[in-house]
Amino acid sequence: LVLEWKREGEKTSEGLRRTLQALAGTTGFQVWIVRGDTDDGLRIGKFYSVPPFGKAKLLGEGVDEFIAVYRLWYEYADGQF
C-alpha cells in the first residue's frame, strides 16, 4: 500500500499522477491519496484509491472511515479476507 499525503487544496502534478497510476498498475501495489496532514495530530479529509487508468475513486472521509478502510485493506493483504 502506497499512501500519498496531500494537504487540502494541494495540487497533484501530472508527473506524480502518472507515477502513482503506474504503481497502481503494478501487481501487488495499491495506491491511495490522502487529503490531510499530521501537523497537529492526525487530520484526514477525503481519501481516494488511484486506479491504473482514469480518475481516483473516493474511498471515504475522516479519520474514523480511514481507519475502518485501512483495517479492511490490512485483512485482505494479510489473507484474512
- [ ] Following the transitive rule for hydrophobic clusters with a side-chain heavy-atom cut-off under 4.5 Å over Ile, Leu, Val, Met, Phe, Trp and Tyr, establish whether L59 and V63 coincide in one cluster.
- [x] yes

- [ ] Answer whether the closest heavy-atom distance between the side chains of W5 and L3 falls below 4.5 Å.
- [x] yes

Can you give me every donor-acceptor pair (side chain of residues 27-47, partner residue at least two apart or in another chain, under 3.5 Å) with its distance?
unit_1, atom_1, unit_2, atom_2, d
Q30, OE1, W73, NE1, 3.1
R35, NH1, R7, O, 3.2
R35, NH1, E10, O, 2.5
R35, NH2, E10, O, 3.3
D37, OD1, D39, N, 3.2
D37, OD2, R43, NE, 3.3
D37, OD2, R43, NH2, 2.8
D39, OD1, R7, NH2, 3.1
D39, OD2, R7, NH1, 2.7
D39, OD2, R7, NH2, 3.0

Task: Derivation and outcome, side chain to side chain contact (heavy atoms under 4.5 Å, CB included), residues L1 and Y74 - done: CA-CA 9 Å; L1 178 63; Y74 181 83; over 6 Å; no

- [ ] Please name all residues satisfying side-chain hydrogen bond (donor to acceptor under 3.5 Å, both in side chains) with E61, sequence neighbours left out, ordered by chain then number.
- [x] none

- [ ] Considering non-hydrogen atoms only, spot the tightest contact between A24 and P51 and give its length.
- [x] CB-C, 3.9 Å

TODO: Look at the side chain of Q21 and the backbone N and O of L16, then say whether any donor-acceptor pair between them is shorter than 3.5 Å.
DONE: no

Open item on the list: Applying side-chain hydrogen bond (donor to acceptor under 3.5 Å, both in side chains), can you list everything that pairs with R18, at least two apart in sequence or on another chain?
Closed with: E14

- [ ] Give, for atom CD of E4 and atom CG of L23, the distance between the pair rounded to the nearest 0.5 Å.
- [x] 10.0 Å

